[in-house]
Asks: 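Dropping the structure in here first, questions after.
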Amino acid sequence: MIRIYNTLSREKEIFKAITPKKVNMYVCGPTVYNYIHIGNARSAIAFDVVRRYLEYRGYDVKYVSNFTDVDDKIINRAREEGVDEMTIANKYATAFDEDTLPLNIRPASVRSRATEVIPDIITFVQDLVTKGYAYESQGDVYFRAKKFHGYGILAHQDLAEMEANAAGRLNDEEMTRKEDPIDFAVWKASHSEEEISWQSPWGKGRPGWHIECSVMSQKYLANTLDIHGGGIDLAFPHHTNEMAQSEARTGQKFVNYWMHNGFVNVNNEKMSKSLGNFTTLHDMLANYDDPMTIRYFLATTQYRRPINYSSETLEQARGALDRIRTGYRNLLFRMDNAVVGSDSTIEDEIKQHVRDFEFAMDDDFNTPNALASVFELVTLANTYTDENEVKKATAELLLESISTMMGIFGVDGLADRSELTTEQKSLLEARVVARQMHNFELSDQLRNQLRDLGISVEDTATGQRWKHER
RNA sequence: GGUAAUAUAGCCAAGUGGUAAGGCAACGGUCUGCAAAACCGUCAUCGCCGGUUCGACUCCGGUUAUUACCUCCA
């Protein structure tokens with residue numbers, strides 16, 4: 001039984017899929033006007049973990065996400081660089097795919113761009129106008145927020161308050177275009193020949209920000225979604241508006257479980273351009289040699305909690321991940337002389353830790369608790385490695401359990417699979433001989449040589465072991 | 001101002017009405033030719049003040065601090 005915290009009810013609710021063993025989930029993707037930052041990566045990772053765990057639990061998950069490729073920020077960026085909007089969008093959409101790959105973020109089942117669904121958007125907006133939920137005004141089309149019963153409940157905002165705030169913010173011109181300050185644009189008129197636009201019943205223009213997600217989720221999934229996710233800042237206005245539009249059009253509940261991930265702060269401050277602490281994933285990957293540590297770091301805090309990113313917290317993550325990797329490799333090393341058979345006591349313990357892991361993940365994807373079970377397994381792996389006799393089936397079960405759980409976090413490559421050079425191999429062989437002859441001076445010298453070549457050597461009861469130093 | 005969230009050891013981070021998981025770091029020990037890895041052990045009374053209770057860190061009230069959202073930022 002999986003429980004999920006629903007932003008709408010502010011409670012953990014028992015998860016029940018609309019169709020048994022199938023999950024339709026939609027996660028808001030980035031606006032492709034720049035490289036994604038570490039916060040975008042966190043969001044993508046959080047929902048990648050949700051997806052992986054649901055699949056582990058036997059659900060067939062259809063995961064739809066978007067690229068917002070038409071929007072003010074893209075238009076501005078294009079103007080700055082003197083290129084057209086699609087050049088910008090294509091560049092950063094490609095960069096998204098390239099940068100999320102080393103973090104092991106699985107591609108969406110469907111990744112759609114706003115510009116690919118323009119006809120659907122226009123139809124959607126027309127429906128809203130027909131139903132009286134939207135109105136045209138000077139080429140723009142606005143949604144009548146107040147006509148939608150329950151507007152703002154997702155973000156738990158007070159309607160009158162929002163209205164007053166919005167009124168204070170808008171200029172006179174905007175006020176005259178809108179019937180009410182809290183109305184939001186579903187279609188925006190084009191004001192310049194140069195900017196990208198499409199022909200519509202209301203003249204040339206482009207979609208409002210929120211409409212694409214409503215359209216795509218309905219087009220690629222269904223009227224009612226099992227799960228809709230995104231950053232907590234999207235609860236208002238983005239998801240609030242999506243919900244209003246979608247439910248206004250279909251008359252059906254839009255989303256069963258609203259999930260929102262917490263922010264990534266940098267050195268305890270909100271990441272923002274004005275503070276100069278805006279860290280793109282692109283730069284981070286270029287300056288850090290272990291992407292799996294980044295993945296581990298971002299995946300192992302509970303998704304609703306904020307993460308504080310600093311060089312110190314990242315290094316701590318690396319140390320913790322190294323403990324898991326080492327335990328895994330320690331056991332893998334013993335596989336060579338493992339004997340046929342199994343140890344039922346050990347296997348019972350393994351199974352208990354796996355159950356604990358599942359129990360933690362079932363509780364709103366409590367990754368820190370789940371991780372504790374992984375560490376229990378690692379300790380078990382290490383103590384088992386120290387035994388005189390290791391049984392093959394049991395060792396395999398341990399290895400498999402650890403890699404499966406880490407795989408749910410999206411952390412792969414626990415074993416060191418890189419090859420040795422001929423030089424490294426011969427040095428290692430020479431060192432084995434030196435040690436057999438108790439020539440420790442030579443063996444220490446060879447160990448230093450190997451270290452300089454990036455190989456660390458350890459002596460164990462069952463022989464010499466090496467690994468690549470990172 | 002409104003609405004929320006958070007406050008647990010040097011750091012990160014769980015958790016529960018009955019006296020605090022896990023990890024990093026540190027220290028002591030075992031093992032080792034040395035080392036490494038590993039193992040064993042040590043290391044907090046849960047922001048502050050009240051209240052409820054046989055008993056609270058866990059519930060209630062207040063208070064302080066930090067953070068977020070309040071129209072386009074994940």
Side-chain angles (χ1 to χ4, degrees), chain A residues 7 10 27-31 36-47 68 71-73 145 152 155-158 160-162 164-166 168-170 174 181-185 188 208-210 229-238 240-241 260-265 268-273 278 297 300-302 304-308 310 312-324 326-327 329-330 333 356 360 363 366-376 378-379 381-383 385-386 435 438-441 443-444 447-448 451 456-461 465 467:
Chain A
T7 307
R10 286 180 176 158
V27 176
C28 289
T31 301
I36 63 165
H37 54 66
I38 182 173
N40 292 301
R42 196 265 171 104
S43 183
I45 285 172
F47 292 105
T68 300
D71 148 287
D72 288 347
K73 290 194 290 291
H156 308 277
Q157 296 284 323
D158 180 68
E161 192 97 21
M162 283 194 296
N165 280 329
R169 203 169 304 251
L170 297 177
E174 286 169 312
I182 59 170
D183 290 351
F184 58 90
K188 301 171 95 161
W209 176 38
H210 320 291
I232 184 61
D233 57 322
L234 294 183
F236 187 87
H238 187 53
T240 297
N241 293 350
H260 292 99
N261 65 274
F263 273 115
V264 176
N265 296 318
N268 286 315
E269 284 180 321
K270 180 183 174 175
M271 183 166 51
S272 71
K273 278 187 171 167
F278 192 88
F297 175 67
T300 52
T301 295
Q302 209 272 347
R304 286 189 283 124
R305 299 277 308 222
I307 295 180
N308 184 36
S310 66
E312 191 191 355
T313 52
L314 191 64
E315 275 319 293
Q316 279 186 18
R318 187 167 187 153
L321 176 55
D322 275 343
R323 177 171 163 79
I324 297 168
T326 302
R329 289 169 192 167
N330 284 347
F333 182 71
D356 290 344
D363 181 19
N366 193 329
T367 49
N369 268 348
L371 187 62
S373 297
V374 175
F375 280 107
E376 297 291 344
V378 167
T379 301
N382 282 328
T383 49
T385 302
D386 284 342
R435 274 178 55 77
H438 290 270
N439 185 346
F440 295 122
E441 199 180 325
S443 77
D444 288 353
R447 186 165 62 194
N448 289 337
R451 181 179 301 136
S456 71
V457 186
E458 299 166 4
D459 298 308
T460 76
R465 175 173 59 187
K467 71 175 180 188

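We name chains A, B, ... by the order of the sequence lines, and we start the count at 1 in each one. Keep in mind the model is a prediction, meaning the values are calculated, not measured.
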Asks: Which comes earlier along RNA chain B counting from the 5' end, the contact point of A:T383 or that of A:M162, where each point is its nearest nucleotide?
Replies: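 Residue closer to the 5' terminus by nearest nucleotide: A:T383.
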Asks: To the nearest Å, give me how far apart CZ (A:F375) and C1' (B:G22) are.
Replies: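 Result: 7 Å.
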Asks: Which nucleotide wins on minimum distance to the side chain of A:D459, given the candidates B:C34, B:U71, B:A37?
Replies: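 Looking only at heavy atoms from C-beta outward on A:D459, the closest nucleotide is B:C34.
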Asks: Using only heavy-atom distances, decide whether a donor-acceptor pair under 3.5 angstrom links the side-chain of A:N241 to the base of B:C72.
Replies: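 In this structure, the two groups form no donor-acceptor pair.
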Asks: Would you kindly give the CG-to-P distance between A:N40 and B:C73, to the nearest whole Å?
Replies: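 To the nearest whole Å, that distance equals 11 Å.
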Asks: Just checking, is any N or O donor in the side chain of A:T379 or A:R323 under 3.5 Å from an acceptor N or O on the other one?
Replies: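 Yes, because at least one side-chain N or O of A:T379 sits under 3.5 Å from a partner of the opposite role on A:R323.
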Asks: What is the distance, to the nearest angstrom, from the CG atom on A:D322 to the P atom on B:G22?
Replies: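 Atom-to-atom, A:D322 to B:G22, this comes out as 20 Å.
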Asks: Taking the six-membered ring for Trp, is the centroid-to-centroid distance between A:F440 and A:H438 below 6.0 Å?
Replies: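 Here the rings of A:H438 and A:F440 have centres that are less than 6.0 Å from each other.
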Asks: If you compare every side-chain N and O of A:K73 against the phosphate oxygens of B:C73 (OP1, OP2), does one of them come in below 4.0 Å?
Replies: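 A:K73 to B:C73 OP1/OP2: side-chain N or O found under 4.0 Å.
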Asks: How far does the P atom of B:G47 sit from the matching atom of B:C11, given to the nearest Å?
Replies: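 After rounding to an integer number of Å, I get 14 Å for this pair.
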Asks: Considering only the P atoms, how many Å lie between B:C46 and B:G41, rounded to the nearest integer?
Replies: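 The same atom, P, in both gives a distance of 26 Å.
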Asks: Need the pair for B:U16. Rule: Watson-Crick or G-U wobble, both distances under 3.5 Å, any strand; none if unpaired.
Replies: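 Its partner is none (no Watson-Crick or G-U wobble pair with both distances under 3.5 Å).
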Asks: Whole angstroms only, please: what is the CD1-P distance between A:I182 and B:C72?
Replies: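 Taking CD1 of A:I182 and P of B:C72, I get 15 Å after rounding.
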Asks: Do A:I307 and A:F297 make a side-chain contact, defined as non-hydrogen atoms from C-beta onward lying under 4.5 Å apart?
Replies: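 In contact.
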Asks: Are the side chains of A:T385 and A:F333 in contact, using a 4.5 Å heavy-atom criterion?
Replies: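 Not touching, per the 4.5 Å side-chain cut-off.
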Asks: Any sub-3.5 Å donor-acceptor pair from A:N261's side-chain atoms to A:G231's backbone N or O?
Replies: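 Present.
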Asks: Quick check for you: among B:A35, B:A74, B:G33, whose closest atom lies nearest to any side-chain atom of A:S443?
Replies: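 For A:S443, the side-chain atoms sit closest to B:G33.
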Asks: Does any nucleotide pair with B:U32 by Watson-Crick or G-U wobble geometry, both distances under 3.5 Å, and what is it?
Replies: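 WC or wobble partner does not exist here.
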Asks: Assign each of A:T379 and A:T31 to its nearest nucleotide of RNA chain B by heavy atoms, then name whichever residue's nucleotide is nearer the 5' end.
Replies: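 Per heavy-atom nearest nucleotide, the more 5' residue is A:T379.
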Asks: CG of A:D72 versus P of B:U71: gap in Å, rounded?
Replies: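 Distance check: A:D72 CG to B:U71 P gives 16 Å.
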Asks: Look through every strand shown and name the nucleotide pairing with B:A9 as Watson-Crick or G-U wobble, where both distances are under 3.5 Å.
Replies: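 Looking at the geometry, B:A9 pairs with no nucleotide.
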Asks: Any donor-acceptor pair under 3.5 Å joining the side chain of A:R305 to the base of B:C12?
Replies: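 Check fails, no donor-acceptor contact within cut-off.
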Asks: In whole Å, I'd like the distance from the CG atom of A:N330 to the C1' atom of B:C39.
Replies: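 The distance from CG of A:N330 to C1' of B:C39 comes to 11 Å, rounded to the nearest Å.
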Asks: Quick check for you: among B:C70, B:C72, B:A37, whose closest atom lies nearest to any side-chain atom of A:N165?
Replies: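 Nucleotide nearest to A:N165's side chain: B:C70.
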Asks: Heavy atoms under 4.0 Å, any strand shown: does A:E376 hit a base, just sugar-phosphate, or nothing?
Replies: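 Sugar-phosphate only.
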Asks: A:F184 side chain: which of B:A74, B:U71, B:C12 is closest?
Replies: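 Nucleotide nearest to A:F184's side chain: B:U71.
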Asks: Closest to the A:E312 side chain: B:C11, B:C24, B:G15?
Replies: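 Of the candidates, B:C11 comes closest.
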Asks: Are the side chain of A:T313 and the backbone N or O of A:N308 linked by a donor-acceptor pair below 3.5 Å?
Replies: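 Yes.
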Asks: So does A:D444 reach the base of B:G33 with its side chain, donor to acceptor, closer than 3.5 Å?
Replies: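 Present.
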Asks: Can you find an N or O donor on one side and an acceptor on the other, under 3.5 Å apart, linking the side chain of A:R447 with the base of B:A35?
Replies: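 Looking at the base of B:A35, it does pair with a donor or acceptor on the side chain of A:R447 (distance under 3.5 Å).
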Asks: Any donor-acceptor pair, under 3.5 Å, between the side chain of A:Q316 and the base of B:C11, if you only look at N and O atoms?
Replies: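 Pair found.
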Asks: For A:D183 versus A:A145, what's the shortest heavy-atom pair and its separation?
Replies: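 In this case the closest contact between A:D183 and A:A145 is OD1-N, 3.0 Å.
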Asks: Using Watson-Crick or G-U wobble geometry with both distances below 3.5 Å, tell me the partner of B:U3, or none.
Replies: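 Partner of B:U3: B:A68.
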Asks: When the C1' atoms of B:G23 and B:U19 are compared, how many Å lie between them, rounded to an integer?
Replies: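 It comes out at 24 Å once rounded to the nearest Å.
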Asks: Side chain of A:N382, heavy atoms from C-beta onward: which of B:C24, B:G15, B:C39 has the nearest atom to it?
Replies: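 The answer is B:C39.
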Asks: Within the pair A:N366 and B:G15, is there a side-chain N or O less than 4.0 Å away from OP1 or OP2?
Replies: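 Yes, such a contact exists.
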Asks: B:C48 pairs with which nucleotide, Watson-Crick or G-U wobble, both distances below 3.5 Å?
Replies: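 Its partner is B:G62 (Watson-Crick or G-U wobble, both distances under 3.5 Å).
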Asks: Does A:R323 make a side-chain N or O approach to OP1 or OP2 of B:C39 shorter than 4.0 Å?
Replies: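 True: A:R323 side-chain N/O within range (under 4.0 Å) of B:C39 OP1/OP2.
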Asks: Check every atom of B:U71, B:G33, B:A21 against the side chain of A:R435 and return the nucleotide holding the closest atom.
Replies: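 Nearest nucleotide to the side chain: B:G33.
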Asks: With both distances under 3.5 angstrom, what nucleotide forms a Watson-Crick or G-U wobble pair with B:G41?
Replies: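 Across any shown strand, B:G41 pairs with B:C27.
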Asks: Heavy-atom distance under 4.5 Å between the side chains of A:T68 and A:K73, does that happen here?
Replies: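 No, side chains not in contact.
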Asks: Taking any heavy-atom pair under 4.0 Å as a contact, classify A:H37: base, sugar-phosphate, or nothing.
Replies: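 The residue A:H37 makes base contact.
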Asks: When the C1' atoms of B:A44 and B:A4 are considered, how many whole Å apart are they?
Replies: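 Straight-line distance between the two C1' atoms is 29 Å.
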Asks: Is any side-chain nitrogen or oxygen of A:R10 closer than 4.0 Å to OP1 or OP2 of B:A4?
Replies: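 For B:A4, OP1/OP2 do have a side-chain N/O of A:R10 under 4.0 Å.
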Asks: Would you mind classifying the nucleic acid contact of A:P181 as base, sugar-phosphate or nothing, using non-hydrogen atoms under 4.0 angstrom?
Replies: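 Base: the residue A:P181, judged by heavy atoms under 4.0 Å, touches a nucleobase.
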Asks: In whole Å, I'd like the distance from the CZ atom of A:F236 to the C1' atom of B:A74.
Replies: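 A:F236 atom CZ is separated from B:A74 atom C1' by 17 Å.
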Asks: How far does the C1' atom of B:C31 sit from the matching atom of B:U16, given to the nearest Å?
Replies: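 Approximately 38 Å lies between the C1' atom of B:C31 and that of B:U16.
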Asks: Can you check the A:K188 NZ to B:C72 C1' distance for me, whole Å?
Replies: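 My rounded result for the distance is 7 Å.
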Asks: So, does A:R42 use its side chain to make a donor-acceptor pair with the main chain of A:G262 at under 3.5 Å?
Replies: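 Present.
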Asks: Hunt down the Watson-Crick or G-U wobble partner of B:A56, both distances under 3.5 Å, from any strand shown, or write none.
Replies: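 Here B:A56 is not engaged in any pair, so there is no nucleotide opposite it.
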Asks: Using a 4.0 Å heavy-atom cut-off across all strands, classify A:G208 as base, sugar-phosphate, or nothing.
Replies: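 Nothing, no heavy atom under 4.0 Å.
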